[in-house]
Number of protein chains: 2
Amino acid sequence: MATLGDLERSVMEILWTDGEKLSAYDLQTRLADAGSTKLAPTTVLTVLTRLENKGFVARDRSSRPHVFFAAASREDHMAELMHEVLGAASDREAVLARFVGQVSPDEAETLRRLLSGR
Amino acid sequence: MATLGDLERSVMEILWTDGEKLSAYDLQTRLADAGSTKLAPTTVLTVLTRLENKGFVARDRSSRPHVFFAAASREDHMAELMHEVLGAASDREAVLARFVGQVSPDEAETLRRLLSGR
DNA sequence: AAAAACTTCTACACGACGTAGAAATAAGTT
DNA sequence: AACTTATTTCTACGTCGTGTAGAAGTTTTT
């Protein structure tokens, strides 16, 4: 599966949190606001292109400048990651047992509710 | 969190599956059996040392040669990974909802059972 | 003490990622 | 249409993690 570098992750955080379609220039600004030094526009474009190739973001080429947005919500992405981990296990039940064994009581309750279809 | 390269992962698979304490020479043999070309003993030692630094394996220095073993079971490791993913989420419930929404019916049943403390 | 076995140190190539200038292309102006 | 400006794509380089292993150092055996 694809992994994310620090800058790539920062970009995804912005796209996931914001939810809107953003241009590379928008992202450049948000990244600068979020602390790090102001990156060159080409840098942001490069990262976005890499994220596009990895399937994390989609690009609308009809807009000028191009706008980018997350291909999946952060929650979907994380759930997917969890399934990915689980999918690599030979003894899935053992993994699940450990997993639920470590959740807090309220979270266990949440899980029960979610599983009861209510 | 620490990530694993291909060779590192192969070594962990062996240690996890085998469960025994193995020397670098043992591992050299197992790796060779498992397909890849026969690695130099120092290569195996280097990888084991790196895995030790990452906390994935522990080493018994009293044995000669040193023997290595997984610091945590594969299941524990994977459950830990899942928690790690979940821990990074702001809306944990949303992630869990997606997660359980995608499990198979039998696995959902398994989860219910595990959560009911039975 | 010398040899053999084992461990640690050092090193290098390669791919991923952060970073961005140069080159190419498209859009807007005069 | 020619020129200027905005935008995108191409190319590149440094760094870090990882696969790989020889050289050097240490411990054990003979």
Side-chain angles (χ1 to χ4, degrees), chain A residues 1-16 21-71 77 81 84, chain B residues 1-16 21-71 77 81 84:
Chain A
M1 185 261 326
T3 180
L4 294 178
D6 288 344
L7 179 54
E8 290 175 337
R9 179 161 302 282
S10 300
V11 169
M12 287 314 299
E13 282 307 324
I14 292 170
L15 290 177
W16 275 327
K21 298 187 168 190
L22 297 176
S23 73
Y25 303 96
D26 295 336
L27 281 226
Q28 181 192 35
T29 310
R30 310 272 177 120
L31 286 167
D33 290 351
S36 51
T37 57
K38 190 162 192 172
L39 299 169
T42 53
T43 299
V44 182
L45 255 308
T46 300
V47 169
L48 284 166
T49 302
R50 285 177 183 165
L51 286 170
E52 187 187 19
N53 292 333
K54 289 182 183 179
F56 283 88
V57 308
R59 169 196 312 232
D60 185 347
R61 284 194 146 84
S62 66
S63 286
R64 198 123 278 260
H66 293 178
V67 287
F68 301 81
F69 53 99
H77 170 63
L81 273 188
E84 206 170 295
Chain B
M1 121 94 357
T3 181
L4 295 177
D6 289 343
L7 179 55
E8 290 176 336
R9 178 162 302 282
S10 300
V11 169
M12 288 313 300
E13 283 308 324
I14 292 170
L15 290 177
W16 275 327
K21 297 187 169 190
L22 297 176
S23 73
Y25 303 94
D26 294 336
L27 283 169
Q28 182 192 35
T29 310
R30 311 273 177 118
L31 286 168
D33 290 350
S36 51
T37 57
K38 189 162 190 171
L39 298 169
T42 52
T43 300
V44 182
L45 255 308
T46 300
V47 169
L48 284 166
T49 301
R50 285 177 183 165
L51 286 170
E52 187 188 19
N53 291 334
K54 289 182 182 179
F56 281 88
V57 309
R59 169 197 312 232
D60 185 348
R61 284 193 146 83
S62 67
S63 285
R64 196 124 280 257
H66 293 177
V67 287
F68 301 81
F69 53 99
H77 171 62
L81 274 188
E84 206 171 296

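To find a chain, count down the sequence lines: A is the first, B the second, and so on, and within it residues start at 1. FYI, side chains are in, hydrogens and waters are out, and symmetry mates aren't considered; it's all heavy atoms of this structure.
At a cut-off of 3.5 angstrom, counting only N and O atoms as typed in the model, there is a donor on one side and an acceptor on the other between the side-chain of Thr46(B) and the base of dA21(D).
Within the 4.5 Å cutoff, side-chain heavy atoms of Glu8(A) are placed close to those of Lys54(A). Between Lys21(A) and Asp26(A), every side-chain heavy-atom pair lies at or beyond the 4.5 Å cut-off.
A straight line from CG of Leu45(B) to C1' of dA23(D) spans 14 Å, rounded to a whole angstrom. The distance between atom CG of Leu7(B) and atom P of dA21(D), rounded to the nearest whole Å, is 10 Å. In this structure, the NZ atom of Lys38(B) is 16 Å from the C1' atom of dT20(D), given to the nearest Å. Look at CG on Leu48(A): it is 14 Å from C1' on dT9(D), rounded to the nearest Å. In this structure, Gln28(A) places its CD atom 13 Å from C1' of dT7(D), rounding to the nearest Å.
Dashed line: the shortest gap from a side-chain N or O of Thr43(B) to OP1 or OP2 of dA21(D) is under 4.0 Å. Between Arg61(B) and dT27(D) there is no side-chain polar atom (N or O) within less than 4.0 angstrom of OP1 or OP2.
Enclosure of atom CG in Asn53(B) by more than 12 non-hydrogen atoms of other residues, nucleotides or ligands within 6.0 angstrom is indicated.
Here the nucleotide nearest the side chain of Tyr25(A), chosen from dT28(D), dT7(D), dA21(D), is dT7(D). When distances run from any side-chain atom of Glu8(B) to the nucleotides dT20(D), dG19(D), dT8(D), the shortest one goes to dG19(D).
Put simply, the side chain of Gln28(A) never gets that close to the backbone of Ala40(A): no donor and acceptor are under 3.5 Å apart.
Across all strands, Thr49(B) comes closer than 4.0 Å to no nucleic acid atom at all (heavy-atom distances). Note on Arg59(A): only backbone sugar-phosphate atoms sit closer than 4.0 angstrom, heavy atoms only; bases stay farther off. As judged by a 4.0 angstrom heavy-atom cut-off over every strand, Lys54(B) is placed among residues touching the sugar-phosphate backbone only. At the heavy-atom level, Arg50(B) lies under 4.0 Å from base atoms of the strands shown.
Chain B approaches DNA chain C within less than 4.0 angstrom (heavy atoms of the protein), and the contacting nucleotides run 5' to 3' from dC6(C) to dA11(C).
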- Tell me, with the steps shown, if Leu51(B) and Leu4(B) meet side-chain contact (heavy atoms from CB on, under 4.5 Å). CA-CA 9 Å; Leu51(B) 286 170; Leu4(B) 295 177; 3.6 Å; yes

- Take Leu7(A) and Leu31(A) through the side-chain contact (heavy atoms from CB on, under 4.5 Å) test and state the conclusion after the steps. CA-CA 9 Å; Leu7(A) 179 54; Leu31(A) 286 167; 4.2 Å; yes

- Take Phe68(B) and Leu45(B) through the side-chain contact (heavy atoms from CB on, under 4.5 Å) test and state the conclusion after the steps. CA-CA 10 Å; Phe68(B) 301 81; Leu45(B) 255 308; 4.0 Å; yes

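Each of Arg64(A) and Ala40(A) lies near DNA chain C, and the nucleotide nearest Ala40(A) is the one positioned closer to the 5' end.
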